[in-house]
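Just dropping this structure here.
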Amino acid sequence: MSKNRITPRSEDFAAWYQDVIAQADMAEPAEVVKGCMVIKPHGYAVWEKIQAALDKRFKATGHKNAYFPMLIPESFLKREAEHVEGFSPELAVVTIAGGEELEERYVLRPTSETIIGHFFAKWIQSWRDLPLLINQWANVIRWEKRTRLFLRTTEFLWQEGHTAHATEEEARQEARRMLEVYADVAENVMGMPVVKGLKTRTEKFAGAEKSYSIEAMMQNGLALQAGTSHELGQNFGRAFDVKFQNQAGQLDYVWQTSWGVSTRLIGGLIMTHSDDKGLVLPPNLTPLQAVVIPIYRKDTDREAIVNRAHQAAAALHNAGVTVEVDDREGFTPGNKFFHWEQRGIPVTVELGPRDLEQGVVVVKRRDTGGKEAVAQDSAGGYVTGLLERMQGEMFARARQRLKDNTVVANSFEEVREILEPVSAERGGGKFVMAHLKDDPATDAKIKALKATVRCIPLTDEYDGPGKCIVTVETVPQRVVIAKAY
RNA sequence: CGGGGCGUAGCGCAGCCUGGUAGCGCGUCUGCCUUGGGCGCAGAAGGCCGGCGGUUCGAAUCCGCCCGCCCCGACCA
């Protein structure tokens, strides 16, 4: 059956997620390459929108794009002890090239701190060379045991920012600034509310001093780490001998940061807004905001209506709306409605003989399904206003869901009771706010519940200090505990 | 990497247990009819039955190995 091939969320959330991606024609498993995906045009167009929103903000904060090799000498990874330990299990290594066994093997980059560290050492001599603010758009390879389209694939697309600074304070500000950029894009462009926080020592990036993340909540209540920003301290500076002479004439190692978001964001986007009919894209992120669908009964109507549809599209375009006319022949209007609905286009504009007579168009919004007849003359203004309202309302609904599913717990037993029944397929996930010490031993206790400490929020919206639910020591604030992707 | 499921036409699946001419729905193509939520009727095309090997007169079907996908675990953006 070609009808209704999307499994309802209530039946099996994980199956629903796969179905939405397939029906929206966003991506498919690479089939012949383990764990990899083919990002199809509609999925890639969404990535390009994410890229554009981020890139604009990176440039506005003084960063420049550059590109480094994807092959990294294996020895580079080993220079930072914690880094190699963290990444070794998931490396893919090139051992033969040009028909000969390589003297030194190359790893396919899992992340670029090491090779960029090597070049930073060449580029930086003086405090005048700092700060150095670089971003790279690239693909990376991490050999994960288990993959899911967009959320965790063997190869994925991302950006990685790498910066070097003269002082620890400046590096800290940079890491925090970029976390804010990520939160801005997540919330105001993607309409996906996030919690900004600090990772625990256990969860931080391998080789970092501190890691920050933005954590989003999916419709099943599971957490998704949507972006990370790290203070690397002088760890990579020491490992790669990135030294500079400061204004007092003394040599010092640079203070570095790195930060990244990936195609995983697309997975987050899908699981934030989409419904049982398919993908739902927020107006600020969609490659196409509106589609005009001409409806005609006889061939004699056809020309007049298609012409009028193009006029309507031109009016929308002039009002600043990204719009297309679906004037494909051989498809019924019903067919076209479903086509665009599954692909998440925010607004469809229907134009048939009845509307032509009455001088109106019928505007339908994807998120709520609401329909409204609007005078043709005022359609441009109406749709721009509608798109703006939709963006706001989609974010508000997602934020309300996050709020409704965030709960307070005051004992380990409570946390267990809340999170034990939660699963990706059944849903029921919560963000559980509890006092917990930042200590590998307490993290391990949470892990036994198949949950993790997602972050220690940067702004405490709860009751300040309290007793750790594991160690009973007093800790400064509650942390977010959840099951996660 | 352990446990489970699956791989047959572009897509979704049946057939396999009990070996004997490869089927159904959707889509595609042609024609007619239609077009306000996946129109209808008639006709047609389309297959290394995931791969390799074995058993057999004969394998989609039985056996072994391999590959891939999905789900559940352990590990992670």
Side-chain angles (χ1 to χ4, degrees), chain A residues 1-5 7 12-15 17-19 22-23 25 28-37 86-91 110-111 139-160 182 199 202-203 205-206 211 213-215 224-230 258-268 277-278 293-302 305-306 328-342 348 350-358 360-362 364 369 371 373 423-426 447-448 450 452 484-485:
Chain A
M1 292 299 117
S2 66
K3 285 187 190 180
N4 212 11
R5 276 185 295 196
T7 308
D12 184 340
F13 191 87
Y17 176 73
Q18 304 281 343
D19 291 345
Q23 295 308 308
D25 209 21
E28 62 185 51
E31 188 172 87
V32 288
V33 188
K34 190 179 176 66
C36 290
M37 64 177 162
F87 280 99
S88 287
E90 47 190 74
L91 293 179
T111 179
N139 56 340
V140 287
I141 300 277
R142 298 184 187 178
W143 216 262
E144 302 288 355
K145 305 285 187 195
R146 189 172 163 200
T147 56
R148 282 173 196 269
L149 287 177
F150 290 120
L151 297 175
R152 177 169 294 104
T153 45
T154 300
E155 179 186 24
F156 56 95
L157 305 182
W158 78 344
Q159 60 67 219
E160 43 181 328
Y182 289 159
K199 285 290 185 183
T202 306
E203 295 285 330
F205 178 74
S211 290
S213 74
I214 51 172
E215 300 286 331
L224 184 76
Q225 178 173 303
T228 50
S229 181
H230 315 291
S258 67
W259 26 276
V261 298
S262 70
T263 35
R264 167 180 275 193
L265 284 177
I266 299 172
K277 293 173 176 174
I293 300 176
I295 299 160
Y296 38 85
R297 198 175 291 277
K298 305 176 197 102
D299 269 353
T300 47
D301 292 341
R302 195 182 155 269
I305 292 198
V306 170
R328 291 175 298 165
E329 290 187 51
F331 291 92
T332 61
N335 214 309
K336 292 177 181 178
F337 297 146
F338 278 91
H339 179 89
W340 297 109
E341 183 168 78
Q342 289 182 320
T348 46
E350 304 173 17
L351 180 63
R354 291 204 303 259
D355 309 307
L356 201 60
E357 231 167 80
Q358 295 164 27
V360 299
V361 291
V362 176
K364 179 171 184 190
K371 268 188 184 185
S423 78
E425 314 80 63
R426 290 189 306 273
K447 249 187 166 161
K450 290 167 187 167
T452 44
Y485 276 103

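Side chains are part of it too, since the values below use all heavy atoms of this structure and drop only hydrogens, waters and symmetry mates. In what follows, chains carry the letters A, B, and so on, assigned in the order in which the sequence lines appear, proteins first and then strands, with residues in each chain numbered from 1.
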Task: Flag side-chain contact, heavy atom, 4.5 Å: Tyr485(A) against Gln225(A) - done: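 A side-chain contact under 4.5 Å is absent here.
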Open item on the list: Could you tell me the Watson-Crick or G-U partner of G7(B), where both distances fall under 3.5 Å? Say none if there is no partner.
Closed with: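 Here G7(B) is engaged in a pair, and the nucleotide opposite it is C67(B).
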Open item on the list: So Thr228(A) and Ser211(A), do their side chains get closer than 4.5 Å, heavy atoms only?
Closed with: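 A side-chain contact is absent here, since even the closest heavy-atom pair is not under 4.5 Å.
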Task: Distance between C1' atoms of G54(B) and G27(B) (Å, rounded) - done: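 It works out to 39 Å between them.
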Task: Separation of C75(B) C1' from Lys447(A) NZ (nearest whole Å) - done: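 To the nearest whole Å, that distance equals 8 Å.
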TODO: Return the value, rounded to whole Å, for the distance between atom NZ of Lys145(A) and atom P of G3(B).
DONE: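 Answer to the nearest Å: 15 Å.
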Open item on the list: So, using ring pair (Phe, Tyr, Trp, His ring centres under 6.0 Å) as the criterion, who are the partners of Phe205(A) when residues are at least two apart?
Closed with: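 Applying ring pair (Phe, Tyr, Trp, His ring centres under 6.0 Å) to Phe205(A) gives His83(A), Phe87(A), His230(A).
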Task: Whether Phe156(A) stacks on the six-membered ring of A77(B) base, 5.5 Å and 30° limits - done: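 By the stated criterion, Phe156(A) and A77(B) stack.
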Task: Distance, P atom - from A60(B) to C48(B), rounded to whole angstrom - done: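 Taking atom P in both C48(B) and A60(B), they lie 13 Å apart.
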TODO: Answer yes or no: is there a side-chain heavy-atom contact under 4.5 Å between Leu91(A) and Trp143(A)?
DONE: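 Not in contact.
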Task: Base partner of C17(B), which must satisfy Watson-Crick or wobble distances under 3.5 Å - done: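 Its partner is none (no Watson-Crick or G-U wobble pair with both distances under 3.5 Å).
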- [ ] Grab the CD1-C1' distance between Ile266(A) and A77(B) for me, whole Å please.
- [x]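 Computing the Ile266(A):CD1 to A77(B):C1' distance gives 13 Å.
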Open item on the list: Tell me which nucleotide, if any, is Watson-Crick or G-U wobble paired with C33(B) when both distances must be under 3.5 Å.
Closed with: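 C33(B) is paired with nothing.
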Task: Ser262(A) side chain to Arg264(A) backbone, donor-acceptor under 3.5 Å - done: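 At least one qualifying donor-acceptor pair exists.
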Task: Length of the CZ-C1' vector between Phe338(A) and G38(B), whole Å - done: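 In whole Å, G38(B) C1' lies 5 Å from Phe338(A) CZ.
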- [ ] Using whole Å, report how far NZ of Lys336(A) lies from C1' of G38(B).
- [x]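 In whole Å, G38(B) C1' lies 13 Å from Lys336(A) NZ.
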Under 3.5 Å, which N/O atoms of the protein pair with N/O atoms of nucleotides 68-71 of chain B?
unit_1: G68(B); atom_1: O2'; unit_2: Glu31(A); atom_2: O; d: 3.0
unit_1: C69(B); atom_1: OP1; unit_2: Gly35(A); atom_2: N; d: 2.8
unit_1: C71(B); atom_1: OP1; unit_2: Gln18(A); atom_2: NE2; d: 3.2

Open item on the list: If you define the side chain from C-beta out and look only at heavy atoms, does anything of Phe337(A) sit under 4.5 Å from Ile295(A)?
Closed with: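 In contact.
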Task: C16(B) and G7(B), which share atom name P, separated by this distance in whole Å - done: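 It works out to 13 Å between them.
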Task: Residue pair Asp25(A), Gln342(A): steps toward the side-chain contact (heavy atoms from CB on, under 4.5 Å) verdict - done: CA-CA 9 Å; Asp25(A) 209 21; Gln342(A) 289 182 320; over 6 Å; no
Open item on the list: For A59(B), give the paired nucleotide (Watson-Crick: N1-N3 plus N6-O4 or O6-N4; G-U: N1-O2 and O6-N3; both under 3.5 Å), or none.
Closed with: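 Base-paired to nothing in any strand shown.
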Open item on the list: Considering every strand and a 4.0 Å limit on heavy-atom distances, what is the contact class for Thr452(A): base, sugar-phosphate, or nothing?
Closed with: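 Contact class for Thr452(A): none.
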Task: C1(B) - base-pair partner by Watson-Crick or wobble geometry, distances under 3.5 Å - done: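 In the structure as shown, C1(B) has G73(B) as its Watson-Crick or wobble partner.
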Open item on the list: At 4.0 Å (heavy atoms only), tell me whether Gly352(A) reaches a base, stays on the sugar-phosphate, or touches nothing.
Closed with: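 Here Gly352(A) touches the bases of the nucleic acid.
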TODO: On RNA chain B, check which nucleotide each of Phe337(A) and Ala424(A) is closest to and give me the residue with the more 5' one.
DONE: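 It is Phe337(A), whose closest nucleotide lies nearer the 5' terminus.
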Task: Test item: Gln159(A) side-chain N/O and Val261(A) main-chain N/O as donor-acceptor pair under 3.5 Å - done: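 Confirmed, Gln159(A) side chain pairs with Val261(A) backbone.
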Open item on the list: Which nucleotide, if any, forms a Watson-Crick or G-U wobble pair with U28(B), using both distances under 3.5 Å?
Closed with: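 Result: A44(B).
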Task: Pairwise side-chain contact, Val360(A) with Arg354(A), heavy-atom cut-off 4.5 Å (strictly under) - done: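 Answer no - side chains too far apart.
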TODO: Map Tyr485(A) and Glu350(A) onto RNA chain B by nearest heavy atom, then report which one ends up closer to the 5' terminus.
DONE: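 Closest to the 5' end, via its nearest nucleotide, is Glu350(A).
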TODO: Taking atom C1' in both G46(B) and U30(B), compute the distance separating them and give it to the nearest angstrom.
DONE: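 Per the computed distance, 15 Å lies between those C1' atoms.
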Open item on the list: Please classify the nucleic acid contact of Pro353(A) as base, sugar-phosphate, or nothing, using heavy-atom distances under 4.0 Å.
Closed with: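 Base, at least one base heavy atom under 4.0 Å.
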- [ ] Check every atom of U35(B), C75(B), G38(B) against the side chain of Glu144(A) and return the nucleotide holding the closest atom.
- [x]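 Closest nucleotide among those given: C75(B).
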Atom pairs, protein N/O to nucleotides 39-46 of chain B N/O, distance under 3.5 Å:
unit_1: C39(B); atom_1: OP2; unit_2: Thr332(A); atom_2: OG1; d: 2.2

Task: Audit row: Val361(A), Asp355(A), side-chain contact (heavy atoms from CB on, under 4.5 Å) steps and yes/no - done: CA-CA 6 Å; Val361(A) 291; Asp355(A) 309 307; 5.6 Å; no
Open item on the list: Main chain of Arg328(A), side chain of Lys336(A): is a donor-acceptor contact present, judged purely on distance under 3.5 Å?
Closed with: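 Yes: the side chain of Lys336(A) pairs with the backbone of Arg328(A).
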TODO: Rounded to whole angstrom, note down the C1' distance from C66(B) over to G58(B).
DONE: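 Comparing C1' positions in C66(B) and G58(B) gives a spacing of 25 Å.
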Task: Spacing of the P atoms in U8(B) and A74(B) (rounded, Å) - done: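 The answer is 31 Å between these two P atoms.
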Task: Rounded interatomic separation in angstrom, taking CZ from Phe87(A) and C1' from A77(B) - done: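 After rounding, the reported distance stands at 8 Å.
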Open item on the list: Could you tell me if the side chain of Lys277(A) sits less than 4.5 Å from the side chain of Gln23(A), heavy atoms only?
Closed with: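 A side-chain contact under 4.5 Å is absent here.
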TODO: Using whole Å, report how far CD of Glu28(A) lies from P of C11(B).
DONE: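 To the nearest whole Å, that distance equals 9 Å.
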Open item on the list: If I pick the C1' atom on C67(B) and the same atom on A44(B), what distance separates them, to the nearest angstrom?
Closed with: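 Between the two C1' atoms, the distance is 36 Å.
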Task: Span that lies between the P atom of G3(B) and that of A45(B), in whole angstrom - done: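 Roughly 47 Å separates the two P atoms.
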TODO: Check every strand shown and say whether Lys450(A) touches a base, only sugar-phosphate, or nothing at a heavy-atom separation below 4.0 Å.
DONE: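 Sugar-phosphate contact only - Lys450(A) comes under 4.0 Å of backbone atoms but never of a base.
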TODO: Write down the distance between CH2 (Trp143(A)) and P (A77(B)), rounded to a whole number of angstrom.
DONE: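 Interatomic distance, CH2 of Trp143(A) to P of A77(B): 18 Å.
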Open item on the list: Using a 4.0 Å heavy-atom cut-off, does Val261(A) contact any base of the nucleic acid, only the sugar-phosphate backbone, or nothing at all?
Closed with: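 Since no nucleic acid heavy atom lies under 4.0 Å of Val261(A), the category is nothing.
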